Amino acid sequence: MEILCVAEKPSIARAISQILSGGQSTTRDSPNRFTKNYDFYYDELRAEITVTSVAGHLMESDFSDDYRRWESCDPADLFDAPIITAVRKDGGPIARNLEIEARGKNMLMIWTDCDREGEHIGSEVASVCRKTNARIEVKRARFNAIIPQQIHHAARHPVELDRRQSDAVEARIQLDLRLGAAFTRMQTKMLQNQVPDLQRKMISYGPCQFPTLGFVVSRYQQVQAFVPETFWYIYLSIMVDGEETDFTWRRGHLFDFPATLALYELCVESPEATIAQVTKKPTKKWRPLPLTTVELQKSASRLLRLTPKRILDIADDLYSKGFLSYPRTETDQFDPDFDFMTLIQKQTTDPAWGQFAQSLANGGFNAPRKGKKNDKAHPPIHPTAHVTNLVGDDKRVYEYVTRRFLASCSKDAEGQQTTVTVIVAGEEFNATGLTITQRNYLEVFTYDKWSDKQLPDFEQGQHFIPVVCEMREGQTSRPSLLTEADLVGLMDENGIGTDATIAQHIQTIIDREYVMTRQEDSMKYLVPSTLGIGLVEGYNKIGFDRSLSKPQLRRETEQRMVDICEGRSTKNDMLFQFIEQYREVFLRARAAFRQVVESVRDYLNGDGNVTEGGASSDGDDNDDFGGENGGRPPRGTRAPARGGNRGAGTRGRARGTTAPRTRGQPRGKGPSTKRRQDDDSDDENSRPPRGAGATAVSCRCDVPAVERTVVKETSNKGRKFWTCPNDPSCGFFEWADQASGGSASKTGASSRTIPAKRTHTVYARRCKCDLTAVSRTVVKEGPNRGRIFWTCPNSENARCTFFEWDDEQKEMSGPECPNGDQPTKRSRTAGTGTTRSSGRAGGRGRAKSTRGGTSRGSKRGKQWYE
DNA sequence: GCAAGGTC
């Protein structure tokens, strides 16, 4: 018996050989310098085995010669032009190796990654091997991790290749090619002919790159459309032993001047402040989760200020040198038998973090937290060797991964939080202090900040006359433009691209000059160019059901692929339907393309509707802004990096004010009175911190909600949410990017689609009213506190009884839901793949937050992607 | 000259 085993990449071939041969294989070179052939005898199967690999896809698809040249045909013909699939240009040596190695073998065993693309790559391998060995028996080894038990089991129990999955991928390949090529040729030609500035530009269209552009434009337009709203609040401070403590009004702020004034006057008339409560409770700041590709790109782009593409390139390079583990992974949990100690030991000699690593080795080790994602193919990203000779960005990326790994193996930081509640004329004010008791992981993970904030020793029942009691004015702040980290998050949530391609799509829209990056202070923002806005606006004007710049098209493609995988549809059915449908869309777009041309022309000439908008796409990416921002690009009034620039300094205490101000006018007006945001968002504490923005969203106490930012190392880190400013029992919680009243864009609480590289489970949670369910977090004290569930998006009165726990499979009879409703079965639409949490926009991660009552976001305004 | 998906 002779068996040829083929893995998806050289590293897996090596690992499999190592395990199956017990390290006793012999290695031969192949025609490709990266690919080796490993030979050994495998007792269990009584077989001579050769293990080799490909390097991803082996074939490529393109139109036949008659259609390949741009001038050769009408772009509309590309919807049914013949497509030729052949070994890719650079795949010759690998294909030759397979042809040679397949000769004389009895069996071909496919060891590609166990996902949809892996199944397709397997079918490519089979077709190449059959060229020289038509009778070879083709089998598929299924494994979830490169650990001996699994690999031996997979070798002994091979299954068949899953034809449906490779069919689904083939359909995707064809559709992307037809759609991309037809639209790219059409719009490039039309625009080149009609807009002189674009004569030499390629204006590409793609089902991933355009929605990516759509996100950037949409946020930009929200920023432009923002109208600040004035609010008022009462500010209080108390002096004890020469030390002044600021107190925050429990109502946050009100948009009603007379109401605020009335309350303020009461305070002024009876200014005595009584300490109503002093509570001390332990608090924690959680150590980071194990690192996924998307999280690496998001967090490192923010902390190291590199583009996601650059980070992935560096990580790839460090991987190829053996310094890091495979950097394309969705997994944020380590296998139980992962060998942490060997890796930690390797780091003990480092001058910067060696001592910390040693402390872990000496008993400080604590098993990392487990995230919710597991691609069953790769572990979280971690350092595989200790390296000292790196420089520049390589060094910084390596250091980030290493510190994060060590931090994840450590303990949460611990502290004591003090909350002081004071009452003045029936109005409640709070101050919060923090004493850190154990820094633990913070010692090594220097990117996280958490600082002590001392409060004087207040005691319940004490009375004070406030040193300052003022009515102040502030303004809601403009949302900020998207950062690359934000965009990676949006794409991930909407299923645009995969962990391996998200960065590339962002790079594409930058390369095409649809989007410019703009450095502002310490943050890099994405600004759509006039060309980018013109394109999106132009297509929007044509008014398709499914806008070409929105994520639905991709979502639909994914769903139809799942249908093929599940046997509800076939490749041919899908292709037929989509091709007919999108040929129609194409013809309509072409017929109405004048609108795109005019829109693009208008924006390029500065006559677009958002005339202050957009960077010029002529290559000058900085200074072509006009309008209200005074020649500057649109910018949020919020300072990008740390919480807010709204009236920084306006917390400007009225030093010297020794008594409450007398009644009457609010003190100060204009910009300088903007409320200073409590901007300790990076170091506040383990709770979603006060990142604090003001808004027109109200919480359930009908107090204006405040915006905060998740700082915990969860998949939601950096994400903004609205919550009640003071009272956790109020329970109001809403993600800012879901709230129409908030600052950010809606990120889709609807069904999450899983891109190609991912397991193909799609949830479309719909409530009994057939609306897209929204997720909430239990706030009520009890065993379920912090747990996420899904419910009807309607207001409390109109809400149906739909209820599902986020973390439970269907068929679960879960405990009683917070509203007393019983859980219902999850509307799970597919599921041969790994079950994963999806539709995460509403509440993944563990931002310990509160449950939303009436979601104003669900009632107000339009969901931007619909 | 076009897409998106693998991977070196």
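Everything numeric here is computed off the predicted structure, so don't read it as measured data. To find a chain, count down the sequence lines: A is the first, B the second, and so on, and within it residues start at 1.
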Pair A:R140 + A:E119: basic N to acidic O under 4.0 Å: yes

Take atom [atom1] of [X] and atom [atom2] of [N], then tell me their distance rounded to the nearest Å.
X      : N     : atom1 : atom2 : value
A:I506 : B:dA4 : CD1   : P     : 13 Å
A:I173 : B:dC2 : CD1   : P     : 18 Å
A:D113 : B:dG5 : CG    : C1'   : 12 Å
A:L179 : B:dA4 : CG    : P     : 9 Å
A:E117 : B:dG5 : CD    : C1'   : 5 Å
A:Q165 : B:dG5 : CD    : P     : 16 Å
A:L177 : B:dA3 : CG    : P     : 10 Å
A:L58  : B:dT7 : CG    : P     : 14 Å

Is [X] near enough to [N] that one of its side-chain N or O atoms lies under 4.0 angstrom from OP1 or OP2?
X      : N     : answer
A:R328 : B:dT7 : yes
A:T35  : B:dC8 : no
A:R88  : B:dA4 : no
A:Y319 : B:dT7 : no
A:Q504 : B:dG5 : no
A:T501 : B:dG5 : yes
A:H505 : B:dA3 : no
A:R178 : B:dA4 : no

Earlier contact from the 5' end, DNA chain B, for A:R185 and A:A55: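 Closest to the 5' end, via its nearest nucleotide, is A:R185.
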
Most 5' of A:H57 and A:F34 on DNA chain B, judged by nearest nucleotide: A:H57

Which one, [options], comes nearest to the side chain of [X]?
X      : options             : result
A:T184 : B:dG1, B:dC2, B:dC8 : B:dC2
A:P207 : B:dC2, B:dG1, B:dA3 : B:dA3
A:D176 : B:dC8, B:dA4, B:dC2 : B:dA4
A:F63  : B:dC2, B:dA4, B:dT7 : B:dC2
A:C208 : B:dG5, B:dC2, B:dA3 : B:dG5
A:E71  : B:dC8, B:dG5, B:dG1 : B:dG1

Presence of donor-acceptor pair under 3.5 Å, side chain of A:D316 and base of B:dC8: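 No pair found.
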
Ring centroids of A:Y205 and B:dA3 base under 5.5 Å with planes under 30°: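 Ring-base stacking flag not set for A:Y205 and B:dA3.
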
Between A:N97 and A:T52: side-chain donor-acceptor atoms closer than 3.5 Å: yes

A:R68, CZ atom: more than 12 neighbouring heavy atoms under 6.0 Å: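 Yes.
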
Stepwise salt bridge (Lys or Arg N to Asp or Glu O under 4.0 Å) test for A:R88 and A:D90: CA-CA 6 Å; A:R88 24 180 312 160; A:D90 55 355; 2.8 Å; yes

Listed partners of A:H120 passing ring-ring contact (aromatic ring centres under 6.0 Å, His included), at least two apart: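 ring-ring contact (aromatic ring centres under 6.0 Å, His included) check on A:H120 returns A:H57.
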
Test side-chain hydrogen bond (donor to acceptor under 3.5 Å, both in side chains) applied to A:Y398 - qualifying residues, sequence neighbours left out: A:Q347

